[in-house]
*Asks:* 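Mind having a look at this structure? Questions to follow.
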Amino acid sequence: NSPLNKNYDLVFYNVTGQVIFKEDIALQKGVNSKLINVTGIDKGIYFLSISGDDGSITKNILIQ
């Protein structure tokens with residue numbers, strides 16, 4: 001849920017830092033969603049990082 005229209009960088013990468021998926025996303029005021037297809041990606045631990053002018057956040061993703 002975004003209070004404003006804003007642009008962010010979304011990066012999905014593995015434990016060695018190899019970028020699997022990267023995209024610039026434009027959030028619109030209100031509720032937003034983004035689906036990332038992980039079909040064909042090896043099992044393991046990955047990271048999803050979202051960053052913009054107001055900061056960044058990184059979350060761990062486990063693909064089983």
*Asks:* Does a sphere of radius 6.0 Å around CG in D53 hold more than 12 heavy atoms from other residues, nucleotides or ligands, not counting ones at 6.0 Å or beyond?
*Replies:* no

*Asks:* Hydrophobic cluster membership, with links at side-chain heavy-atom distances under 4.5 Å among I/L/V/M/F/W/Y: are I57 and I36 in one?
*Replies:* yes

*Asks:* Search all heavy atoms of Y13 against all heavy atoms of V19 and return the closest pair with its distance.
*Replies:* CB-CA, 3.9 Å

*Asks:* Is there a side-chain contact between D42 and I63, using heavy atoms and a 4.5 Å cut-off?
*Replies:*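 In short, these two side chains do not touch, never coming nearer than 4.5 Å.
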
*Asks:* Look up atom CD1 in I45 and atom CG in L62, then write down how far apart they are to the nearest 0.5 Å.
*Replies:*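 Those atoms lie 6.0 Å apart.
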
*Asks:* So, taking the atom named CG in L10 and the one named CD in E23, what distance separates them when rounded to the nearest 0.5 Å?
*Replies:* 7.0 Å

*Asks:* Considering all heavy atoms of both residues, which atom of K22 and which atom of V11 are nearest to each other, and what is their separation?
*Replies:* CG-CG2, 4.0 Å

*Asks:* Going from NZ on K34 to CZ on F21, what distance comes out if it is rounded to the nearest 0.5 angstrom?
*Replies:* 4.5 Å

*Asks:* Between CG of L27 and OG of S33, what distance do you get to the nearest 0.5 Å?
*Replies:*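 The distance works out to 10.0 Å.
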
*Asks:* So I41 and F12, do their side chains get closer than 4.5 Å, heavy atoms only?
*Replies:* yes

*Asks:* So if you build clusters from Ile, Leu, Val, Met, Phe, Trp, Tyr with side-chain heavy-atom gaps below 4.5 Å, do Y8 and L4 land together?
*Replies:*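 No; L4 is not reachable from Y8 via cluster members.
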
*Asks:* Which heavy atom of N14 sits nearest a heavy atom of F47, and at what distance?
*Replies:* O-CD1, 4.0 Å

*Asks:* Taking I25 as the starting point, is it possible to reach V31 by hopping between hydrophobic residues whose side chains are less than 4.5 Å apart?
*Replies:* no

*Asks:* Quick one: does any side-chain atom of N32 pair with a main-chain N or O of G30 as donor and acceptor, under 3.5 Å?
*Replies:* yes

